[in-house]
Amino acid sequence: MYPTFLVYFAHVSNLYYTLPQLELAKRLVASSFADRVFLSNSGTEANEAAIKFARKFQRFSHPDEKQPPVEFIAFSNCFHGRTMGAVALTSKEHYRSPFEPVMPGVTFLEYGNVQAAKELIQSGKIAAVFVEPIQGEGGIYSATKEFLQALRTACDGTGSLLVFDEVQCGLGRTGHLWAHEAYGINPDIMTLAKPLAGGLPIGAVLVTERVAAAINYGDHGSTFAGGPLVCNAAVAVLDKISEPGFLASVTKKGKNFRELLVKKLGGNSHVREIRGAGLIIGIDLDVPASPLVDACQQSGLLVLTAGKGNVVRLVPPLTITEQELDHAAEILFNCLPVLDKTAKN
Ligand SMILES: *Cc1c(COP(=O)(O)O)cnc(C)c1O
């Protein structure tokens with residue numbers, strides 16, 4: 001559909017648009033709340049861009065004020081990346097403290113604490129609130145509708161921007177195209193990355209026209225971002241996710257898998273909770289999860305820890321089959337006794 005030189009180019013100077021880039025942006029806009037897209041190379045870069053856009057938007061919206069709102073809110077157990085701005089928004093001390101000073105002006109509030117968030121947003125100092133509708137790295141915690149609605153209402157009251165980081169939970173992971181669709185609440189900015197180009201490096205910042213109006217050509221940019229190769233890959237990923245029945249299959253596989261895990265693992269005394277949505281699932285343990293994660297790897301199943309190290313995180317490919325999920329549950333079940341050994345030591 002494109003001239004072949006555009007399909008096969010890996011890179012074109014960012015002085016020029018390419019058709020795959022426009023096609024990707026069009027698709028993202030058509031399927032979301034957003035009007036404009038900025039492309040980056042990773043999730044942390046997407047959040048870094050969102051930080052800059054929020055600051056620029058506030059300067060643009062408060063032209064006569066010496067001190068427009070420049071501060072940020074992020075939440076307990078959040079993860080937004082590892083560069084100096086994104087890491088400043090990431091709650092775990094361990095990621096930040098060796099590199100301080102990071103970007104100042106970030107307050108961490110308890111995830112889900114409506115009152116604390118409302119009060120701080122109403123101070124008028126907040127440029128933007130960064131929140132994951134479902135926290136991945138932090139331990140697979142889903143926001144409540146009340147919480148996201150309160151953030152939306154408070155931000156609307158002051159002009160603070162609401163940023164949803166869907167780098168991990170977006171693009172079909174929860175069974176909805178966007179995790180926030182389940183809540184019926186839209187952000188002003190959404191960041192994406194991880195699965196967007198099927199394993200090639202990409203990130204995206206989706207914004208409303210109101211936010212985009214504050215950003216000028218040249219305010220931000222990147223040499224490799226939005227290259228034709230990665231954008232073609234991302235369009236192919238979006239094609240796959242938008243096949244009829246694809247998202248419904250994620251919901252169904254996720255539900256069956258969670259029920260199977262509850263049935264097989266729920267009786268174990270170390271398992272406190274099995275939670276999640278679609279194919280983002282956490283198994284909350286009363287002991288460190290890494291012995292179980294290691295034992296699973298020995299048995300051919302790759303899973304990950306999350307939270308304070310006591311959560312097993314399951315984020316399989318969305319194309320996984322029911323049989324493969326059954327096999328994964330079997331391996332987890334067979335490896336569980338390793339937790340008794342570590343608990344006794
Ligand atoms: C992984 C992740 C990031 C960082 O993305 P990178 O592509 O690794 O830079 C940001 N936010 C969330 C929610 C993530 O899970």
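When a ligand or atom number is given, it counts from 1 through the structure's own listing order. Just so it is clear, the values below take in all heavy atoms, side chains as well, and ignore hydrogens, waters and symmetry mates.
Residues forming a side chain to side chain contact (heavy atoms under 4.5 Å, CB included) with E146 (at least two apart in sequence, or on another chain): V114, T144. The side chain to side chain contact (heavy atoms under 4.5 Å, CB included) search around E137 returns F79, K92, Y95, R313, not counting sequence neighbours. Checked against side chain to side chain contact (heavy atoms under 4.5 Å, CB included), K252 has the following partners two or more places apart in sequence or in another chain: N256, E322.
The distance between the ring centers of F147 and Y183 does not fall below 6.0 angstrom. Ring-centre distance between F38 and F53: below the 6.0 Å cut-off.
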One pair per line, please: each N/O atom of ligand 1 matched with every protein N/O atom under 3.5 Å away, atom names first, then the distance to 0.1 Å.
| unit_1 | atom_1 | unit_2 | atom_2 | d |
| --- | --- | --- | --- | --- |
| ligand 1 | 7 (O) | G43 | N | 2.8 |
| ligand 1 | 9 (O) | G43 | N | 3.4 |
| ligand 1 | 9 (O) | T44 | N | 2.8 |
| ligand 1 | 11 (N) | F79 | O | 3.3 |
| ligand 1 | 11 (N) | D165 | OD1 | 3.4 |
| ligand 1 | 11 (N) | D165 | OD2 | 2.8 |
| ligand 1 | 15 (O) | Q168 | NE2 | 2.7 |
| ligand 1 | 15 (O) | K194 | NZ | 2.5 |

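Residue S160 forms a side chain to side chain contact (heavy atoms under 4.5 Å, CB included) with just one option from D188, I73, I121, and that option is I121.
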